[in-house]
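Down below is the structure, laid out as structure tokens.
Proteins come first, then strands; the chains are lettered A, B, ... in the order of their sequence lines, and each starts at number 1.
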Protein chains: 2
Amino acid sequence: MPEILTQSIQDYLKHIYKLNENGDAASTNDLATRLNIAPASVTGMLQKLANSKPALVLYKKHQGATLTKPGEKAALEVIRHHRLLETFLVTTLGYSWDEVHSEADKLEHVISEDFEARIAKALGNPSRDPHGELIPTADLVMPSDESRPLASLRTDEAATVKRVSDDDPALLRHLREIGVVPEVKLTIKNYSEFDGNLTIKVEGQKSNVVLGKEVTSKVFVDK
Amino acid sequence: MPEILTQSIQDYLKHIYKLNENGDAASTNDLATRLNIAPASVTGMLQKLANSKPALVLYKKHQGATLTKPGEKAALEVIRHHRLLETFLVTTLGYSWDEVHSEADKLEHVISEDFEARIAKALGNPSRDPHGELIPTADLVMPSDESRPLASLRTDEAATVKRVSDDDPALLRHLREIGVVPEVKLTIKNYSEFDGNLTIKVEGQKSNVVLGKEVTSKVFVDK
DNA sequence: ACAATAATTTAGGTTCACCTAAATTATATT
DNA sequence: AATATAATTTAGGTGAACCTAAATTATTGT
């Protein structure tokens, strides 16, 4: 039924996409948490999205939702808008990387394809946003991502920061302060079995930092 | 009741403001036409806006609506957003003046005060948009406008174009073609009593043009 | 295996902003 | 002044996207 993709539907698809990236179907509860709405409301919407033609999600009771091809294309369109906008806000209007997320969350739903094309061109068709996150291409293909969580590294391993999660401004300000930004190299000095903390030497920083899983699961690196 | 100004309410206030500029209260029918909705829906919304606290409009049955102070401030905020955005799109993204209106109509409702401040600064706090329309100041005061419709001029009068209506792309393309843009000088060569047509010599153009009231009522000039 | 707990769904609202059709009120014509 | 016409309002919907409370289904610990 939704030949019109409302703002709300776009948000559902975007979050289902992100939850699907971790391998499994997006659960009702996880979606409710991320969308800040009641689980019961999510059930209703998933049923609607699954029964629309074309179906945007694949949904089996109690087993969460997965995107169909059309649903994935729609999700990638929103994500492309979001990441291009974040890049644009930083590059053109001097926003810092912790300030762009909420602004992009509102703008992503209202810009035209023309606007998208114009900022993409003005920015030189970037492949990553200011947080290092990959930008879907104009034909809505998500480039492959080799990076893995910083949390998966162990003592003496070295790697390069590729991207960080963009949705927590406080975390972003902290990461900037300790120099953990895309393309910076780092080395693991110690791994603690008990709490999963990592002691890390960051390229260009005098002293080591100790980061917990809350942080290291949101930073992604390449070897 | 609306301590939250929905997109829809913002649109009502903006259009009531523009209708009020012509001296009289905004009628139910005129609003319905401009908002592309049924007159009955307008009545409902005007009642709501009049009964909200603070009241955003002054409304008496069958006599149309006028903005209250809070309503006017809210309207000017939307208009400031719109006109700054139009200026930004033209200056920064290379849009032409006939392409910006619909994009700004969507963006005006979602940008933050921070975004507004950033583009205002980047543009050097402009006082007019690309169509010459005055931009309300940051403290939401509309600068006074001395201009009058081109349609009010008569044979041998000369004037400078100050602004043109921004909402009809086809008209804007035509005006650009014949050189009728802000700050251009022109002289009335003839006025026709029968149809109100004006024959006009536009500065920098070889031949005169004849414009009907549909056009001359949407171009504003200063002596 | 069975109860306790957690996750999910169903059922029955609500609000917002629109709609149509019918009734009413204003305005204009003669 | 009476009537035709136009503008406006009332009344009674609708669909989208939420909500809460209760019921159901899954999962987990012992």
Pick base, sugar-phosphate or nothing for T28(B), based on heavy-atom distances below 4.0 Å to the nucleic acid.
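Sugar-phosphate, backbone atoms only, no base.
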Nearest whole angstrom, please: distance from the [atom2] of [N] to the [atom1] of [X].
{"X": "H109(A)", "N": "dA17(D)", "atom1": "NE2", "atom2": "P", "result": "12 Å"}
{"X": "Q10(B)", "N": "dC16(C)", "atom1": "CD", "atom2": "P", "result": "15 Å"}
{"X": "L35(A)", "N": "dT8(C)", "atom1": "CG", "atom2": "P", "result": "14 Å"}
{"X": "L31(B)", "N": "dA17(C)", "atom1": "CG", "atom2": "P", "result": "15 Å"}
{"X": "I37(B)", "N": "dC16(C)", "atom1": "CD1", "atom2": "P", "result": "16 Å"}
{"X": "N51(B)", "N": "dC16(C)", "atom1": "CG", "atom2": "P", "result": "13 Å"}
{"X": "I4(B)", "N": "dT14(C)", "atom1": "CD1", "atom2": "C1'", "result": "16 Å"}
{"X": "K60(A)", "N": "dA26(D)", "atom1": "NZ", "atom2": "P", "result": "13 Å"}

Any [X] side-chain N or O less than 4.0 Å from OP1/OP2 of [N]:
{"X": "N29(B)", "N": "dA6(D)", "value": "no"}
{"X": "Y12(B)", "N": "dC18(C)", "value": "yes"}
{"X": "S41(B)", "N": "dC19(C)", "value": "yes"}
{"X": "Q63(A)", "N": "dA26(D)", "value": "no"}
{"X": "S8(B)", "N": "dC16(C)", "value": "no"}
{"X": "T43(B)", "N": "dT10(D)", "value": "no"}

Looking at [X] and [Y], what are the two nearest heavy atoms and their distance?
{"X": "Y17(A)", "Y": "I79(A)", "value": "CD2-CD1, 3.5 Å"}
{"X": "S8(A)", "Y": "M45(A)", "value": "OG-CE, 3.6 Å"}
{"X": "G196(A)", "Y": "K213(A)", "value": "CA-CE, 3.8 Å"}

Side-chain donor or acceptor of N20(B) paired with backbone N/O of L67(B) under 3.5 Å
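The answer is yes, because a donor-acceptor pair under 3.5 Å joins these two groups.
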Of all the nucleotides listed (dA7(C), dA17(C), dT9(C)), which has the minimum atom distance to the side chain of Q47(A)?
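Of dA7(C), dA17(C), dT9(C), dT9(C) is nearest to the side chain of Q47(A).
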5' precedence on DNA chain D between M45(A) and H62(A) (nearest-nucleotide basis):
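Its nucleotide being nearer the 5' end, the pick is M45(A).
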Of T6(A) and K61(A), whose nearest nucleotide on DNA chain D comes first from the 5' end?
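Per heavy-atom nearest nucleotide, the more 5' residue is T6(A).
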Salt-bridged, R118(A) to E99(B), with N to O below 4.0 Å?
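Here R118(A) pairs with E99(B) in a salt bridge, since their nearest N and O are under 4.0 Å apart.
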